[in-house]
Each structure stands twice: as structure tokens, then as C-alpha cells.
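First up is the structure itself, then whatever we jot down about it.
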Amino acid sequence: AGSRLMLFTKEGCTLCDKAVDVLEAQREAWPHSLDAVDIEAPGNEEFLLRYCYDIPVLHVDGRYWAKHRITASEAVAALTDAAAGKFEARRGEPDARKARPR
């Protein structure tokens, strides 16, 4: 079964497409599911408010992992940790609701 990855995305996100490519390349060695969540879809307003400036945002097994760009080595490290039951949420999860006005 493997780990469950969530990709928070929206239409036209080319960085999201690149993240999918990186993760798909690791699927055979590190089995995982990859679910895309459209932050602009009805019912996803909370994700839109949090991640509107930072997609893609990725979660592993429900915990924040990364934003913007990921490398193959970063993917392997996260999937290795997840497979061993040792994945911990990373620091720096974006939340546009907390942005300070300038």
C-alpha cells in the first residue's frame, strides 16, 4: 500500500506537474498513493486560504512535508522515513492567513 501523499494544487500549476513527475518516478521503489487536492474546488476553501501563494504543497500521511519544488533525493528521503514509520512534519508549512500586512 505504501504512504499516502497529498498534493495541494490548482489548474495551470506547472511546479505541481514537476512534483508529480518526481514522485511518479519513485513509485516502483517506494510505493505510495498520490492524491491531488484542487485548492480552488468547492469545499476546499480552507486549503485555498492557507496555500494560495505556495502551491504545490505536499503532505505525507497527513503531515506537512514540502512546498514549491522537490528533488528526487528529497522524495526518497521522505518516502523512506514514511515507510519506516518515522516521517515527522517538517517546519515551514505555509499559511497565507498568517501573513503580515505590509
Side-chain angles (χ1 to χ4, degrees):
S3 300
R4 181 174 180 219
L5 278 64
M6 302 284 291
L7 171 76
F8 296 89
T9 184
K10 67 179 182 178
E11 186 175 338
C13 175
T14 56
L15 284 178
C16 300
D17 297 338
K18 291 177 182 177
V20 168
D21 290 345
V22 169
L23 293 167
E24 289 296 330
Q26 303 306 322
R27 190 180 301 270
E28 190 172 323
W30 299 101
H32 61 275
S33 64
L34 178 59
D35 299 318
V37 177
D38 182 348
I39 65 170
E40 295 182 326
N44 289 341
E45 291 80 8
E46 180 71 18
F47 297 127
L48 178 61
L49 289 172
R50 290 170 64 189
Y51 299 147
C52 60
Y53 304 124
D54 286 298
I55 59 168
V57 170
L58 291 145
H59 287 191
V60 174
D61 296 330
R63 294 180 292 274
Y64 172 72
W65 168 33
K67 65 181 181 181
H68 303 163
R69 293 175 177 85
I70 56 168
T71 64
S73 61
E74 290 168 334
V76 167
L79 292 166
T80 300
D81 286 351
K86 296 179 180 179
F87 183 85
E88 295 183 11
R90 304 305 198 249
R91 296 174 53 138
E93 181 173 6
D95 191 340
R97 299 169 302 176
K98 297 178 181 176
R100 296 179 183 210
R102 297 176 187 225

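- Across all non-hydrogen atoms, the minimal contact from Asp61 to Ala82 is OD2-CB, 3.9 Å.
- In plain terms, the two heavy atoms of Phe8 and Ile39 that are nearest each other are CB-CG2, 4.0 Å.
- For Glu40, the side-chain contact (heavy atoms from CB on, under 4.5 Å) partners two or more places apart in sequence, or in a different chain, are Lys10, Asp38, Leu48.
- Thr71 is linked by a side-chain contact (heavy atoms from CB on, under 4.5 Å) to Ser73, Glu74, counting only residues two or more places apart in sequence or in another chain.
- For the atom pair NE2 of His59 and OG of Ser3, the computed distance is 14.5 Å after rounding to the nearest 0.5 Å.
- For the disulfide (SG to SG under 2.5 Å) condition, the pairs that include at least one residue of residues 14-97, sequence neighbours left out, are Cys13-Cys16.
- Clustering of Ile, Leu, Val, Met, Phe, Trp and Tyr by side-chain heavy atoms under 4.5 Å joins Leu34 with Leu5, Leu7, Val20, Val22, Leu23, Trp30, Leu58, Val60, Trp65, Ile70, Val76, Leu79, Phe87.
- Among all heavy-atom pairs drawn from Pro94 and Tyr51, the shortest one is O-CE2, 3.4 Å.
- Applying the salt bridge (charged side-chain N to carboxylate O under 4.0 Å, His left out) definition to pairs two or more places apart or across chains, those involving residues 78-92 are Asp81-Arg90.
- For residues 16-28, every residue pair satisfying the side-chain hydrogen bond (donor to acceptor under 3.5 Å, both in side chains) rule, not counting sequence neighbours, is listed here: Glu24-Arg27.
- Residues satisfying the side-chain contact (heavy atoms from CB on, under 4.5 Å) criterion with Glu46, sequence neighbours excluded, are Arg50, Arg97.
- For Tyr64, there are no side chain to side chain donor-acceptor pair (under 3.5 Å) partners, not counting sequence neighbours.
- Once rounded to the nearest 0.5 Å, the distance linking CD of Glu93 with NZ of Lys98 reads 8.0 Å.
- Asp35 is linked by a side chain to side chain donor-acceptor pair (under 3.5 Å) to Arg4, counting only residues two or more places apart in sequence or in another chain.
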